[in-house]
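Following: one structure in structure tokens, then a few remarks.
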Amino acid sequence: MDGAFSRRSEGAPATRDRLLTAGAEELADSGAATLTVRRVARRAGLSAATAYKVFASKEHLLAAVFLAHLRSAPGAEPAADLPVEERLA
């Protein structure tokens with residue numbers, strides 16, 4: 001599902017992780033309204049072009065940051081042995 005927010009799901013995971021970390025930090029520091037992909041890339045030590053190769057837009061980057069945050073929450077992953085109806089509830 002992470003690939004839905006990335007242009008290149010086969011891209012280097014380390015680059016994607018750096019952008020997600022920098023995006024979360026930038027979001028915490030300045031908020032979504034003033035966050036830019038260029039500033040996130042700079043914070044991650046990457047070029048804006050590299051960031052845009054991984055995330056198509058600011059919105060895609062923010063969605064991936066939020067998804068990563070949700071997935072890191074305790075109990076975020078439902079038990080695989082539960083029926084689908086219970087996993088979605």
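Just so we're clear, the structure is a prediction, and the values are computed from it rather than from any experiment.
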For Arg38 and Ala48, which heavy atoms make the closest approach, and how far apart are they? NH1-CB, 3.9 Å
Between Ala41 and Ser47, the two heavy atoms sitting closest are CB-O, 3.5 Å
To the nearest 0.5 Å, atom OG1 of Thr50 lies from atom CZ of Phe55 at 12.5 Å
Within-4.5 Å side-chain heavy-atom neighbours: Arg39 and Asp29: no
Atom CG of Leu46 and atom NZ of Lys53: how far apart are they, to the nearest 0.5 Å? 11.0 Å
Please walk me through it: do Ser30 and Glu26 pass side-chain hydrogen bond (donor to acceptor under 3.5 Å, both in side chains)? CA-CA 6 Å; Ser30 61; Glu26 190 69 30; 3.3 Å; yes
Would you confirm whether Arg18, through its side chain, and Ala44, through its main-chain N or O, come within 3.5 Å as a donor-acceptor pair? yes
What's the spacing between Thr34 OG1 and Leu27 CG if we round to 0.5 Å? 9.0 Å
A side-chain contact here means heavy atoms from C-beta on lying under 4.5 Å apart; do Leu20 and Arg16 qualify? yes
Between Ala51 and Val37, which heavy-atom pair has the shortest distance, and what is it? CB-CG1, 3.6 Å
Of all heavy-atom pairs between Ala32 and Leu62, which one has the smallest distance, and what is that distance? CB-CD1, 4.2 Å
Quick one: pull up CZ in Arg71 and CZ in Phe66 and give me the separation to the nearest 0.5 Å. 15.0 Å
